[in-house]
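Everything below concerns the one structure shown next.
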Amino acid sequence: MNTRKVKLIGAGLAISAALTPADAAAPTWTADNGNGTFTNPLFYDEFSDPDMIRVGDDYYLTGTTMHAMPGLPVLHSRDLVNWKFLSYAVDRLDFGPEYRLEDGKEIYGQGIWAPSFRWHNGTFYIFSNVRGQPTQILSARDPAGPWKRSVMKQGFHDMSVLFDDDGKVYIVWGYREMKFAQLNDELTDIVPGTERSLFPPDSLMGEGAHFYKIDGKYYITSAWFDGTMRMACARADKPEGPYEVNPAISIGEDYGLGGVHRLSSNNYRPPFKVHPPLPKSAGNRGLHQGGLVSTPKDVFWGFSQMDYTAVGRLTCLAPITWKDGWPYFGLPGNLGRTPRIWVKPDTGNVSPVSAPYQRSDDFSSPALNPIWQWNHAPDDTKWSLTERPGFLRLHSLPAAEFWWARNTLTQRSVGPASNPTAVLDTKGMKAGDIAGLALLNLPYAWIGVHRSTDGWALERYDQTTGETVRVPLSAGRVWLRAECDFLTEIARFSYSTDGATFTPLGGEFAMVFQLKTFEGVRYALFHYNTGGRLGGYADFDGLTIDEPRPHGLTKPIPLGRTITISSLGSGAVLAADRHMLIAVPKDDARAASAAAAFKVVDRGQGRVALQAGDAFVSVVASGTAGQVMLRKGDPADGETFQWVETPYGDLVLLSLASHRYLRIQPNDNAISADSPGPHPGREDGTCLSWKK
C-alpha cells in the first residue's frame, strides 16, 4: 500500500476565506467593464489549464498550480465574468524529498496540472494529474470544502471525465494518440476491455482534452501546436467513436501581442542567454486548451488559455457559435477568433464587479490570504504569523541559492504592470542569512539583505548574468521594490530606508516564460542561510502590490467628442470626402482638413457609431473590401462598432455587421471591415490611433 499522503485543507497551512471586493481594496484588474461588457483575459494573472462547470445557476473553475501549494483553487461565479475564491482542494503534496526541496531534488513545473472538474449526483470531483503519481481524485459535497482525496490505480495524462446520463462514466486521456475507456463505479480504474485508441498521432487532436455530451452527441476539445496554438474538436454518436475531427474551432487569436523574451535553449541551466522580443513577430501563442460551458438558457460559452507573456498563461472567455454542428469560438462572421471585448453572458444573474483575491497583505490576519502559495511544501515549524503579530516571520533554512530556499512564500504576478513592495525587518538575521523579495522564475532575480560576519549589505542578484550588485546597509528596516512591466517583460529593482525615497539597484531584468517552472513570474518572500545551517529570522511587515494601470492601457471612450482616426502602421487618416469614406495618406495635404472628422456617438455597451456630418460609417454585412461607406439615417448594426483596445492600447473597431475589424489597407489605403483581428506587427492597418 502506498503510505505517502496528500495533506488536505485543515491539515497544516490555514487559508483565510475572507474576501475583499475589488472596489473596496486597492485597484486591480477586473474583466467586468461595468457597462455590460467584459475584457479578456478574465484574470490578468495566471490561471492555466482551466476547467469550468455549471451547477444550476452557479459556475465553478479550477486550474493547474504545479509546484505551488496549496493547489487546485476553486473559484465561483454567477455571471462567468466576476469570480470569487472559495477554497483550495489540496493543501499540499508530499510524495518525497523532491516535494520539499530536499536532497537536491525538486518538482518545478510538475506537481498538480491539467485538472478535470466535474459534478455528479451532488458531489464535486476534481481529477488531477500529478507527475509520476496515479491520478488523484478530490471530492466534496460543498465546493468550499472540505475536500477528501482518493487515488486511482494509474495516471491519465491530461484526462477528462464524462458522467453520462445512463450512469456510465468515461475517461479520455493522452498526448496526440488520445485514448478512451470506461471507468468502474468506484472511479478507481478502467473497466477491462474498454480501453481503445481514439485518434492516430497525425489526427491533429493533441492534448488537454475536455469531454462532453451535448444534445446526444459526444464532443472532445483538444489543444495542439500547429504553427500556431489552436484548438481542435472531435464528435461522435457514441462515446467510444468513431470520431470525426474539426482541426480548428479556435485558431490564431493572440489579440495582437507581439514577440516575447525567450531563452536560447531548454537546458534551463546557467549561463542563460535571453533573446529580446521580435517586434514584428507573427505570433504563435493563440488561445488553446479549454472547453465549453452553457448557461441555463442553453447558450454556450468557451473558455481557453493563452501563453501570454512572462505573467504566465491567462484564461479568456468566448461566445460560442454553432455551425454545421461544431462549436466554434467566436462570432458568426469571424469563427475561431475570440473577441477581446464583448457583451457579458446572459446568465440570469447580475454580479458586482469583483476580483478573486486581495493581493496586498499586512499579515495582520490570523491566516494567510488566499492569494498566497508556498514554493513546494513548507516546513510549518519555520514560519509564523503569531510570533510577532502583524508580521510574517520566516526562519532561515540552509540553501545554496534562492532556487532551493524552503518556505518561500509566493503569489502570482499581475499584469499588465505591477509593483510589489516588501517591508523587511532585518534585526533577527544571523551570519549567512539572505532575505528579501524575489521574482521567482527561470532565470530569477531578487533584491534583499545579506548578513555576513561583517554586518548587513543590500544586494540585488540577477541569475541571467550571475551578477550581484551590493551596497552597505545600516538600517534594520528596509523597503524592497520590483517594478514589473509585463508588456515589455522588463523589471527594475529599488530600495528605500525610509519608505519614501527609493534608490534603483542594478540594471534591467528581462522576464521570460519558460517550460521548466511552467508558470509565469511569481512574487516571492524568502529567507535562507548559505552556511549550510539554520540561521535567524526575518520579519516581513507586509507586501503591497501597486498596479499603476489596473485597467491596462485603456482610455475612456471619447463619447460625444469629435476625433481623428488614423492607421497606426501607415499613418493614413480616415476621412469623409463628400459621400465617401476614404483614407488620406499622412503626407497628403488633405490629411490636415480631415482632422476632427468623426463624432463618436454612444450606442451603449461600449459600442459607438462614427458620424461625419449627417452620415455614419457603415459596413455591409459581408464586410469585404469596398463595402465600407457612409450612410445617412439612424445608426443600426451596420453603423455600430464595438470599441476595443489591444493589450498595447491600440484602437480596433469591431463591426457588428461583419464581426470583423475595420482596416485601412497599408498598400493602397483601401478601407475594409474584413480583418479577423490585429496582427502582432501592428502595421496591417487594423490597429488604429485616435486623437481629439
Side-chain angles (χ1 to χ4, degrees), residues 20 22-29 357-365 369 371-372 385 388-394 402 409-411 413-429 433-440 445-452 455-462 467-488 490-509 511 521-527 536-551:
T20 301
D23 56 358
T28 188
W29 171 270
Y357 304 102
Q358 178 182 344
R359 303 184 188 281
S360 298
D361 197 344
D362 63 4
F363 300 124
S364 61
S365 299
N369 285 324
I371 189 67
W372 292 110
L385 291 172
R388 185 180 179 186
F391 289 77
L392 167 71
R393 174 163 291 183
L394 296 180
F402 166 71
L409 189 61
T410 77
Q411 62 171 266
S413 57
V414 57
S418 52
N419 307 328
T421 303
V423 185
L424 172 63
D425 187 328
T426 68
K427 292 190 291 293
M429 296 173 63
D433 282 353
I434 301 178
L437 169 69
L439 303 182
L440 175 55
W446 55 259
I447 184 170
V449 174
H450 184 180
R451 183 175 183 184
S452 67
W456 287 267
L458 196 67
E459 295 182 349
R460 184 271 202 181
Y461 177 76
D462 182 342
E467 177 188 35
T468 299
V469 179
R470 182 180 295 108
V471 296
L473 180 69
S474 57
R477 186 175 174 87
V478 63
W479 285 255
L480 308 171
R481 175 173 293 172
E483 297 177 52
C484 302
D485 187 326
F486 290 100
L487 290 178
T488 63
I490 293 296
R492 299 171 178 85
F493 292 88
S494 60
Y495 69 95
S496 173
T497 56
D498 60 9
T501 302
F502 281 79
T503 302
L505 189 63
E508 294 181 343
F509 172 68
M511 300 178 288
V521 169
R522 281 181 167 257
Y523 299 145
L525 304 178
F526 68 91
H527 187 204
Y537 58 85
D539 287 338
F540 289 90
D541 190 12
L543 180 76
T544 301
I545 308 296
D546 174 54
E547 297 179 52
R549 302 191 299 272
H551 302 293

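Thr468 is not listed as a side-chain neighbour of His450, based on a closest heavy-atom distance of 4.5 Å or more. Within the 4.5 Å cutoff, no side-chain heavy atoms of Gln411 are placed close to those of Asp361. Residues Ser494 and Thr503 form no side-chain contact, since every pair of their non-hydrogen atoms from C-beta on lies 4.5 Å or further apart. Counting heavy atoms from C-beta on, the side chains of Leu409 and Phe540 never come closer than 4.5 Å. The shortest distance between side-chain heavy atoms of Tyr461 and Phe402 does not fall below 4.5 Å. Trp456 places a side-chain heavy atom less than 4.5 Å from the side chain of Met429. The closest side-chain heavy-atom distance from Val521 to Cys484 is not below 4.5 Å. Leu525 has its side chain out of reach of Leu424: every pair of non-hydrogen atoms, C-beta onward, lies at least 4.5 Å apart.
Closest heavy-atom contact between Ala524 and Leu440: CB-CB, 4.3 Å. Residue Phe486 comes nearest to Gly415 through the heavy atom pair CD1-CA, 4.2 Å, listed as atom of the first residue, atom of the second, then distance. Shortest non-hydrogen contact noted between Ser418 and Pro420 is O-CD, 3.7 Å. Here the closest heavy-atom approach between residue Ala417 and residue Pro548 is recorded as O-CD, 3.5 Å.
To the nearest 0.5 Å, atom OG of residue Ser364 and atom CG of residue Leu392 are 12.5 Å apart. In this structure, CG on Asn419 lies 9.5 Å from CD on Glu547, to the nearest 0.5 angstrom. Going from atom CG of Leu543 over to atom OH of Tyr523 covers 9.5 Å, rounded to the nearest 0.5 Å. In this structure, CZ on Arg522 lies 13.0 Å from CG on Leu439, to the nearest 0.5 angstrom. To the nearest 0.5 Å, atom CG of residue Leu394 and atom NE2 of residue His527 are 8.0 Å apart.
Arg359 pairs with exactly one of Asp546, Thr28, Asn369, Thr544 by the side chain to side chain donor-acceptor pair (under 3.5 Å) rule, that one being Thr28. The only option from Asp462, Ile447, Leu480 that meets the side chain to side chain contact (heavy atoms under 4.5 Å, CB included) definition with Phe493 turns out to be Ile447.
For the ring-ring contact (aromatic ring centres under 6.0 Å, His included) test, residues two or more places apart in sequence or in another chain that qualify with Phe363 are Trp372. Applying the side chain to side chain donor-acceptor pair (under 3.5 Å) rule to Arg460 yields no partners; only residues at least two apart in sequence or on another chain are considered.
Residue pairs meeting the side chain to side chain donor-acceptor pair (under 3.5 Å) criterion with at least one partner in residues 478-487, sequence neighbours excluded, are Thr421-Arg481.
Distance alone, capped at 3.5 Å, places no donor-acceptor pair between the Asp539 side chain and the Phe391 backbone. Proximity of a side-chain donor or acceptor of Thr426 to a complementary backbone N or O of Gly476 within less than 3.5 Å is detected. A donor-acceptor pair under 3.5 Å is formed between the side chain of Ser360 and the backbone N or O of Ile545.
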Worked verdict on Tyr495 versus Leu473 for side chain to side chain contact (heavy atoms under 4.5 Å, CB included): CA-CA 11 Å; Tyr495 69 95; Leu473 180 69; 5.6 Å; no
